[in-house]
Each structure stands twice: as structure tokens, then as C-alpha cells.
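The structure appears below as C-alpha cells.
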Protein chains: 2
Amino acid sequence: MTIILQNAMSETANRDRAGELPVARLTGTDAALREYATPVRVRRRQRLALDQPTPDTVYIVRSGLLGIEAAIAGKPRQLLELFYPGDIIRRANMPPLPHATLTALNVSEVWRLPARGFEALLTANADQNASMQRRLGEQHARASLHASIIGALSGDERFASLLIELGLRIGLRGAAGIGIDNPLSRTDIADYLALNPDTLSRITSRFRARGLLIHLGSGQILLPNWEELCAASPIAATLQALHTPTLG
Amino acid sequence: MTIILQNAMSETANRDRAGELPVARLTGTDAALREYATPVRVRRRQRLALDQPTPDTVYIVRSGLLGIEAAIAGKPRQLLELFYPGDIIRRANMPPLPHATLTALNVSEVWRLPARGFEALLTANADQNASMQRRLGEQHARASLHASIIGALSGDERFASLLIELGLRIGLRGAAGIGIDNPLSRTDIADYLALNPDTLSRITSRFRARGLLIHLGSGQILLPNWEELCAASPIAATLQALHTPTLG
DNA sequence: CGTTTCGTTGATAGTACTCAAGTGGTGTGG
DNA sequence: CCACACCACTTGAGTACTATCAACGAAACG
């Protein structure tokens, strides 16, 4: 099965994807951005400084997968938000919760900008400004949807929604289904979906029994039945809209 | 008690507040904004068009209190986000969920701008751009915190957090405690906190028994013990940071 | 003054959490 | 090569919390 995945043609091969090599092609606006930015490569589980709100560094994801962690006093750790290539990360957009850290969930490359440079870039270039605005709006929509998922969906539905999101973002279409490489750890998923790790384990067992999920080992999973997986989440259409790259 | 509230001096009287008269004083940036904007007055429960994502109208709250509602298929209605004076509302920042509507939760005034006018405003004025960016960032932080609240806190803690938020935003400090005028309906609160209305009723009963909440009738409530209320929420400090107006 | 709507409360059921024991894979040392 | 420890994960039993359903009470409205 793994071989099938590796050789499979992906329908989404023309866009950035977590876990792949950093994109080399630069658009015009990317080149302008590059002048202000410092490229930073991070390994898996590496943390990026996010504690001090005053300097307010801006990160722009080039490749890989990152996440914001935080913990409310006396409560288990939470994974607040996931960041994909193109996303903009800054402390001021996150709630001032204790132990808020930006962590690379996979090997990633980000561009680091001082807040002043970011602001200067936006005011200098109207197109750049509009595209950043649009991207921040998408991220806001995703954050709001995440609250909706946690508040309204059952555990099974939450997990199905995450699998759909990951499939759309970093999935590779193969003959046996959609393969996902290097996903989040079980603890990460539990923290993201506001579930207990034990409960999540029960859910994954149910999904395997239903034929929705196959564990391939070493962090590789396979989604053999995309149709039925989408049927298991009441927001499959919304996820499709938010996690498919806009062509414009 | 009502009289006490009406005559009470408020420590926060110098800022916009829901339920009061629209602010009349315009700063320089406000005046620039005003050229592009159409003022719209809405009564309680009035809905504003938000369905079509293409024209993407931008609303800026001048006074009052509004909220975004949505419903996932087969699930109860949700109140995704609350908007206070100064907030920026646009469809593109919200997830594409069915039945998404913008509703005035109190008598309010908003400024309506076409998306093009909003963009033009931002590119024309760097200060305006920076301040809008900052505001959108705050709103993002609040949306993210809301997910955190729903995901990690118990029903009692969620309700305490909402009372603190409302107290900070629209509360009037009186001799008997902090009074709040015209709050959300019971259903609104339940939909916002991702709780069942019946469960919420039990929680309010507990809060009254604990001396944290007094119902005054006709939508007026009183928080007699702010200290203890803050102790009932693990994120009181975070709420304070996000819902106190920045002096800059 | 009836009707309607909203809010409260009790009994019951469902779901997820907690704690604990068990399983499987991996790496290390004998 | 095997024994062992270690870790992540799984699974079972009991518990806590919230949802559901139904009945009741109170306030608003015509």
C-alpha cells in the first residue's frame, strides 16, 4: 500500500504541501516579501518564540505544518489552530493564554518578519495587502469553524472532520485511497479536537472497524473510502470550501 | 437596585458601549471612513444580509451588539461570534456554513461599506490600515479564545466567562455590583456557549444560589460579587486583556 | 382572561472522562 | 539473538457531566 501511495499521481500536486520540499517558485509578491523576511527552517517538534507580545514577530508559513498550543490553568493542553503553507502567524492574533507556543508539527520552513517590516510591506504594496487580508480572513473563518466543530459535533464527527481537512491539505490520492503522511500524534489530535486521548483511541478503533481508516505504521494513514468519510461529517462541504486552494 | 444602576457612575463611561446612544465624536480616521460608509440603524433581532459571499459587504459596528448565527445540518443553532463597537464584520471572515446570518442582538448602528470601498480605504490610509489590522487581529484572538472556552471549560466556567466578558464590555458599575442591561436571551447564551438551554438554566440557578448573579427582570442582571465571579473562570485574566479597550 | 412564549425543574439516558490493566512495537544491553 | 524496559496506544469498568424529554410555573401579549 505504501508503494502505491508513493507512486500515485496527486490531483493537488501543483500546490504547496506539508511534508514536501519547500516551494522554489516565487511569484512577484513573494519576491517583494522576501526582502523583509528571514527564512527559518524548523525540525519536527521545534518551538518558535511566541511568548513576548511586544516585538510581535510575524511568521509566514512556506512549507510544512505548524500549530499554536496553549493551556488554560488546570486544564489539559490545547492545540488552538493549525497553520498550512501561506498562513500568517502573529502573536497579536492569538488570545493571551498562558504557555502559548508555536510548534512545528512537521519539518517546516517559515519566513520570519519583524512586525514593522510586515506593516511596511502591506502599506507599500496594495496587491500584497489585499492578498494578506484575504488570507487572514480565511484563517479567521477556519478558527471560527473550529469553535463550531468543537461546540456542536460529536467525537466521531470531529475526527471525521479532521481527517477530511488533512486529506484535503496534505493527502495524496492513490489507488487504495487517500494517503496521509506524517500526521499529528494521537495527543495532538486529542488536544485539537478537545477530546480525551482514550476517547480518541476508541474513535479511531471504530473508524477502522467501519473501514474508514487504515493505519500503515510510522505515521502513515490511509483513507480508503472518501465518500463515506465525508458522509460521517456534517460539515464536509464547508471543509472542502475552506481547505481547497482558491484558484484566483 | 435598578435606580442605583441608572444613577451610578461608570468607570468605563468614556468609551462606546452597547445599548447607549451612538457615539457622536469622530476621530480623524473615522471621518475618512465615513466617506465610504452608509450608516445603518438596526432594531433588536433585525437581520442584516450576509448570505451572498460575492459582494462581500463590510460592516463596522458603531454601537450596540451583534452576532453571527449559523447552524450545522442536524445540529442546534450556534452563535459563533459577538461583535462590539469598533468591530469589523465581513462574510469572507466567517466559515461558509448554512444559515449564516448577522443579527443585531440589541439596537445597534453599523456602517456598511462595499468591499471595494473598504479595500480602497485601507490602501489610501496607512494609519487606518494599521488600526483595522489590529482590530481584526483582536477579533481573531477572541474567536480563537472562544474555541478554547468551548473546548476546555465546564458549563459553569463557560457561563462565568461570558458574564465577565459582558461585564467588561457593557457593564455599569453600581453600588450593588456591576449591572448589565439588555443581555442575550437564554437561547442566545446557550447557543453561544454550546450548551443546552435546560443545562444553562440549571447553571444560572446555581449562580444565583452562590450569590454570583441576580435577575432584576426585563433583561437586567446584576453581578454582586465580581471577585468571586472572576475566581469562577480560569481565564478571567485573559478576558480582561481582550475585552478592556486598549488605551493606545 | 385565555393563549402563547419563555424559563425552571425533575427523571432518565447518552456521551465522554478517569483510572487502571493490558497489548504491541521499538531500542538497548546482555 | 533474546530479554528487558520503555513508550505509545488500546481496551474495560466505573464515574461525572450534559442532553433529552416532559411537566410545571411565570411572565408577556392579545
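Order of the sequence lines sets the chain letters (A, B, ...), proteins ahead of strands, with each chain counted from 1.
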Separation of Ile150(A) atom CD1 from dT18(D) atom P, in whole Å? 16 Å
Using a 4.0 Å cut-off to any heavy atom of chain B, which nucleotides of DNA chain C are the first and last in contact, reading 5' to 3'? dG7(C) to dA11(C)
I'd like to know whether NE2 of His215(B) has more than 12 heavy-atom contacts from other residues, nucleotides or ligands below 6.0 angstrom. yes
Roughly, in whole Å, what's the span from CD in Glu157(B) to P in dA16(D)? 17 Å
Ring geometry between Tyr192(B) and His146(B) (parallel below 30°, tilted from 30 to 60°, perpendicular above 60°): parallel
Distance to the ring centre below 6.0 angstrom and angle to the axis at most 45 degrees; does that hold for Arg169(B) and Tyr84(B)? yes
His243(B) and Glu138(B) side chains, donor-acceptor separation under 3.5 Å: no
The side chain of Arg202(A) lies closest to which of these nucleotides: dA13(D), dT10(D), dT20(D)? dA13(D)
Are the side chain of Arg158(A) and the backbone of Leu193(A) linked by a donor-acceptor contact shorter than 3.5 Å? yes
What is the distance, to the nearest angstrom, from the CZ atom on Arg44(B) to the P atom on dA28(D)? 13 Å
Atom-pair distance (CZ on Arg206(B); P on dT18(D)), nearest Å: 7 Å
Side-chain contact, heavy-atom cut-off 4.5 Å: Gln139(A) with Ile88(A)? yes
What is the nucleic acid contact for Arg158(B), judged by heavy atoms within less than 4.0 Å: base, sugar-phosphate only, or nothing? nothing
Have a look at the helix from dC1(C)-dG30(D) to dG30(C)-dC1(D) and give the angle its two end axes make, five pairs each, rounded to 10 degrees. 30°
Consider only side-chain N and O atoms of Arg112(B) and Thr57(B), and report whether a donor and an acceptor are under 3.5 Å apart. no
Could you tell me whether the side chain of Asp198(B) has a donor or acceptor atom within less than 3.5 Å of a complementary atom in the base of dC21(D)? yes
Scan the side chains in residues 71-80 of chain B for donor-acceptor partners under 3.5 Å anywhere in the protein, sequence neighbours excluded, and list what turns up.
unit_1	atom_1	unit_2	atom_2	d
Lys75(B)	NZ	Glu157(A)	OE1	2.9
Lys75(B)	NZ	Glu157(A)	OE2	3.3
Arg77(B)	NE	Asp191(B)	OD2	2.6
Arg77(B)	NH1	Glu69(B)	OE1	3.0
Arg77(B)	NH1	Glu69(B)	OE2	2.6
Arg77(B)	NH2	Asp188(B)	OD1	2.9
Arg77(B)	NH2	Asp191(B)	OD2	2.6
Gln78(B)	OE1	Ser148(A)	OG	2.4
Gln78(B)	NE2	Ser148(A)	O	3.3

May I have the distance from Asn196(A) (atom CG) to dT11(D) (atom P), rounded to whole angstrom? 15 Å
Taking any heavy-atom pair under 4.0 Å as a contact, classify Ser205(A): base, sugar-phosphate, or nothing. sugar-phosphate
Can you tell me how far P of dC9(D) sits from CG of Leu216(A), to the nearest Å? 16 Å
Integer-rounded Å distance: dC9(D) C1' and Ile189(A) CD1: 12 Å
So, Ser108(A) side chain and Ala104(A) main chain: donor-acceptor pair closer than 3.5 Å or not? no
When you check the phosphate oxygens OP1 and OP2 of dA8(D), does a side-chain N or O of Arg186(A) lie under 4.0 Å from one of them? no
Identify whether any heavy atom of Ala194(B) sits under 4.0 Å from a base atom; if not, whether one sits that close to sugar-phosphate; answer base, sugar-phosphate or nothing. sugar-phosphate
Check the distance between dT11(D)'s P and Leu200(A)'s CG and give it to me in whole angstrom. 12 Å
